[in-house]
Amino acid sequence: MKLEHETVNFGGLWHSDTAYLKTPPMGTILCARELPPVGGDTLFANMYAAYEALSNEMKKLLAEVTAVHDGGPYYREVNRLIGRADKGREYPSAEHPVIRTHPVTGRKALFVNEMFTTRIMELPKAESDAVLGFLREHVQRPDFQCRFRWQPNSVAFWDNRCTQHHAIWDYWPETRSGYRVTIRGDHPA
């Protein structure tokens, strides 16, 4: 959520919440409190559908690889933009499977994102960059998305294990605020 004085959109890239943790959250619940007169929607993307739309060859390649999810690059850039000192700060990172199996449904989902995924470990850097570039574009396909239009007291509850989201910041300098609960998750497998 954003306040009038804030000039950086922290959720403005496709992501799964805090994927850089060893145990990322299972889900997130957000209740809208104050909304701009127009704008401020959130896009959600279905990572089951993103996985299922991959070719069989790409699924085979990705089935055996892991990726680094690192909070450092993103938060260092945010700190630079807002003028916050970053020297000496440490940020968590974790290695997770690129294809995650949902612990409840048993379905496979793509588990990389634009905000935090920095490297596929089993590939040379150039190949990792190329594959991640393809996957970052792939997950943004409109046919995987839905758009949530916030209303006063709307509640959104999403599963971070099989979705990504993108907060659309088209309402500055208006305020969008609310209450957020993050639910403890499990280690991706």
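F44 and V139 sit in two unconnected hydrophobic clusters of ILVMFWY residues. Membership requires side-chain heavy atoms under 4.5 Å apart, directly or through other members. Residues F134 and I99 share a hydrophobic cluster, clusters being chains of Ile/Leu/Val/Met/Phe/Trp/Tyr side chains in contact below 4.5 Å. Residue L132 is grouped with residue L54 when hydrophobic side chains (ILVMFWY) are merged at heavy-atom distances under 4.5 angstrom, including chains of intermediate members. F116 and L13 end up in the same hydrophobic cluster when Ile, Leu, Val, Met, Phe, Trp and Tyr side chains are linked at under 4.5 Å. I183 and L30 fall into different hydrophobic clusters, where Ile, Leu, Val, Met, Phe, Trp and Tyr side chains are chained together by heavy-atom contacts under 4.5 Å.
For R149 against S154, the heavy-atom pair with the smallest separation is O-OG, 4.5 Å. Of all non-hydrogen atoms in N113 and R136, the two that sit nearest each other are O-NE, 4.1 Å. Summarising the geometry of A53 relative to R141, their closest heavy-atom pair is CB-NH1, 4.0 Å, with the distance given to 0.1 Å. The heavy-atom pair separating L21 from P92 by the smallest distance is CD2-CG, 4.0 Å. The minimum heavy-atom distance between V155 and F148, with the atom names listed, is O-CZ, 4.0 Å. When all heavy atoms are compared, the tightest approach of H102 to D159 is NE2-OD2, 2.8 Å.
Both tests pass for K59 against the ring of Y51: distance under 6.0 Å to the centre and angle within 45° of the axis.
Side-chain contact annotation: T28 with N160, donor-acceptor N/O pair under 3.5 Å present. In this structure, a donor-acceptor pair under 3.5 Å is absent between the side chains of S16 and Q164.
Atom NE2 of H138 is separated from atom CZ of F144 by 4.0 Å, given to the nearest 0.5 angstrom. C146 SG to L43 CG: the interatomic distance, rounded to the nearest 0.5 Å, is 8.0 Å. Distance check: D186 CG to T23 OG1 gives 7.5 Å after rounding to the nearest 0.5 Å. The CH2 atom of W158 lies 6.5 Å from the OG1 atom of T42; values are rounded to the nearest 0.5 Å. A distance of 9.0 Å separates OG1 of T182 from CD1 of I29, quoted to the nearest 0.5 Å. Taken from CZ in R176 to CG in L35, the straight-line distance is 8.0 Å, to the nearest 0.5 Å.
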With ring-ring contact (aromatic ring centres under 6.0 Å, His included) as the test, would you mind laying out the steps for H15 and H166 before giving the verdict?
CA-CA 7 Å; H15 66 286; H166 174 98; 8.2 Å; no

So R100 and K108, side chain to side chain contact (heavy atoms under 4.5 Å, CB included) or not? Walk me through it.
CA-CA 6 Å; R100 177 178 187 163; K108 295 184 183 299; over 6 Å; no

Test log, rule side chain to side chain contact (heavy atoms under 4.5 Å, CB included), inputs E174 and V38:
CA-CA 9 Å; E174 301 293 331; V38 294; over 6 Å; no

Carefully, step by step, assess M47 and T163 under the rule side chain to side chain contact (heavy atoms under 4.5 Å, CB included).
CA-CA 5 Å; M47 292 300 100; T163 61; 5.6 Å; no

Under the salt bridge (charged side-chain N to carboxylate O under 4.0 Å, His left out) criterion, do K22 and E95 qualify, and how do the steps go?
CA-CA 7 Å; K22 301 258 186 263; E95 194 173 321; over 6 Å; no

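Taking the six-membered ring for Trp, F111 and H69 have ring centres closer than 6.0 Å. The ring of Y20 has its center no closer than 6.0 angstrom to the ring center of Y91. The aromatic ring centroids of W14 and H165 lie 6.0 Å or more from each other.
Ring orientation note: the planes of W169 and Y171 are nearly perpendicular, at an angle over 60° on the 30°/60° scale.
A 4.5 Å side-chain heavy-atom check between T118 and P73 finds at least one atom pair inside the cut-off. Using a 4.5 Å cut-off on side-chain heavy atoms (C-beta onward), E127 and I120 make no contact. The closest side-chain heavy-atom distance from R89 to N79 is below 4.5 Å. Here the side chains of T105 and Y48 are in contact, with some heavy-atom distance below 4.5 Å. Using a 4.5 Å cut-off on side-chain heavy atoms (C-beta onward), R107 and T101 make no contact. Between R161 and P188, every side-chain heavy-atom pair lies at or beyond the 4.5 Å cut-off. Side-chain contact check for L62 versus L135: some heavy-atom pair is nearer than 4.5 Å.
Between the T117 side chain and the V112 main chain, no donor and acceptor come within less than 3.5 Å of each other. One N or O on the side chain of E122 and one on the backbone of T66 form a donor-acceptor pair closer than 3.5 Å.
At a threshold of 4.0 Å, the pair E57-K60 does not count as salt-bridged, since none of the basic side-chain nitrogens sits closer than that to a carboxylate oxygen.
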